[in-house]
Amino acid sequence: MQLTPEQTRAVEHRGSNLLVAASAGSGKTEVLARRCVSLLADAEHPCGVDELLVVTFTRAAAAELRVRIGRMLSETAAKMPRSERATHLRRQEALLDTADIGTIDAWCGRVI
C-alpha cells in the first residue's frame, strides 16, 4: 500500500503521542502497524513492545494490528540478517503477544 503524505507523517512522527483518526477503510491499521514497526526498528532509539500502548476500537482491529506488526517485524528483520537491529526486531516479534495492543475498553479495564 502506498501511503499518502499525511499517513507518512503519522508513521514518522516522533517526540509526542499520536492520535490517528480516520474513516473506515482509510488505512488506519496499516499506518498504525507501520508506525509501531518504525518505532521498534528506529536506528537511533529503538523501543521495545513493552513501551508501546496501541489502542483501537474493535477487537478485530487489534488482532489484525498484532498480525500485521508481527509480519512487518519479520520482513524487516529478514532484510538485515545477523545484525544487532535484526536481533532486536526478532526479539520484539517473539514478545509481541505481550504487547499492550487492544481496545480502549480493555485498556481502561486493566487500569481500573
Novice: Quick check on the hydrophobic clustering: are Val55 and Leu19 connected, directly or via other members, by side-chain heavy-atom contacts under 4.5 Å?
Specialist: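 Not linked; separate clusters.
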Novice: Looking at Val20, Ile69, Ile101, which hits side chain to side chain contact (heavy atoms under 4.5 Å, CB included) with Leu32?
Specialist: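 Answer after filtering Val20, Ile69, Ile101: Val20.
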Novice: Apply the test side chain to side chain contact (heavy atoms under 4.5 Å, CB included) to residues Arg66 and Asp97: give CA-CA distance (whole Å), side-chain angles for both, the deciding distance (0.1 Å), then the verdict.
Specialist: CA-CA 8 Å; Arg66 194 178 297 273; Asp97 286 339; 4.1 Å; yes
Novice: Over all heavy atoms of both residues, which pair between Val31 and Val11 is shortest? Give the atoms and the distance, please.
Specialist: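 Taking every non-hydrogen atom into account, O-CG2, 3.7 Å.
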Novice: Check the hydrophobic clustering (I, L, V, M, F, W, Y; side-chain heavy atoms under 4.5 Å; chains of links allowed) and say if Phe57 and Leu53 are grouped together.
Specialist: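 Hydrophobic grouping puts Phe57 with Leu53.
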Novice: Taking all non-hydrogen atoms of both residues, which atom of Thr103 and which atom of Asp105 are closest, and how far apart?
Specialist: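 For Thr103 and Asp105, the tightest heavy-atom pair comes out as OG1-OD1, 2.6 Å.
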Novice: Linking I/L/V/M/F/W/Y whenever their side-chain heavy atoms sit closer than 4.5 Å, directly or via other members, would Leu95 and Leu39 fall into one cluster?
Specialist: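 Same cluster: Leu95 reaches Leu39 through Ile, Leu, Val, Met, Phe, Trp or Tyr contacts under 4.5 Å.
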Novice: Between atom CD of Glu51 and atom CG of Leu40, what is the distance when rounded to the nearest 0.5 Å?
Specialist: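 Taking CD in Glu51 and CG in Leu40, the distance rounds to 8.5 Å.
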Novice: Kindly give the heavy-atom pair with the smallest separation between Gly102 and Ala62, and that separation in Å.
Specialist: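 Smallest interatomic distance, heavy atoms only, reads CA-CB, 3.7 Å.
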Novice: For Arg14 versus Asp42, what's the shortest heavy-atom pair and its separation?
Specialist: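 Smallest heavy-atom distance, with atoms named: NE-OD2, 3.6 Å.
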Novice: CD/Gln7 to CZ/Arg35 distance, rounded to the nearest 0.5 angstrom?
Specialist: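 Interatomic distance, Gln7 CD to Arg35 CZ, rounded to 0.5 Å: 13.5 Å.
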Novice: When rounded to the nearest 0.5 angstrom, what distance separates CD in Glu64 from NZ in Lys28?
Specialist: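 Reported value, rounded in 0.5 Å steps: 12.5 Å.
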Novice: Below 4.0 angstrom, N of the basic side chain to O of the carboxylate: do Glu75 and Lys79 qualify?
Specialist: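 So Glu75 does not pair with Lys79 through a salt bridge.
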Novice: Look at the side-chain heavy atoms of Ile, Leu, Val, Met, Phe, Trp and Tyr, link any pair under 4.5 Å apart, and say whether Leu52 and Met72 land in one connected group.
Specialist: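 The answer is yes; both residues are in one hydrophobic cluster.
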Novice: Check whether Val54 and Trp107 end up in the same hydrophobic cluster, where Ile, Leu, Val, Met, Phe, Trp and Tyr are linked by side-chain heavy atoms less than 4.5 Å apart.
Specialist: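 Each belongs to a different hydrophobic cluster.
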Novice: Measure the spacing between OG1 of Thr29 and CE of Met1 and express it to the nearest 0.5 Å.
Specialist: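 These two atoms lie 9.5 Å from each other.
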Novice: Look at atom CZ of Arg91 and say whether more than 12 heavy atoms of other residues, nucleotides or ligands are closer to it than 6.0 Å.
Specialist: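 Open: at most 12 neighbouring heavy atoms sit under 6.0 Å from CZ of Arg91.
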Novice: Got a sec: does the CZ of Arg71 have more than 12 other heavy atoms crowding it under 6.0 Å?
Specialist: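 Result for CZ/Arg71: enclosed.
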Novice: Using atom types as modelled and distance alone, determine if a side-chain donor or acceptor of His88 lies under 3.5 Å from a backbone N or O of Gly48.
Specialist: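 Side chain of His88 to backbone of Gly48, a donor-acceptor pair under 3.5 Å: no, none is there.
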Novice: Looking only at heavy atoms, which two atoms of Ala22 and Ser26 are closest? And how far apart?
Specialist: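 Of all heavy-atom pairs spanning Ala22 and Ser26, the closest is CB-OG, 3.1 Å.
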Novice: Minimum heavy-atom separation for Ala33 to Arg68, with atom names?
Specialist: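 Where Ala33 meets Arg68 most closely, the heavy atoms are CB-CB, 3.9 Å.
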Novice: Could you grab the distance from atom CG of Leu89 to atom OG of Ser83, nearest 0.5 Å is fine?
Specialist: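 Rounded to the nearest 0.5 Å, the CG-OG separation comes to 7.5 Å.
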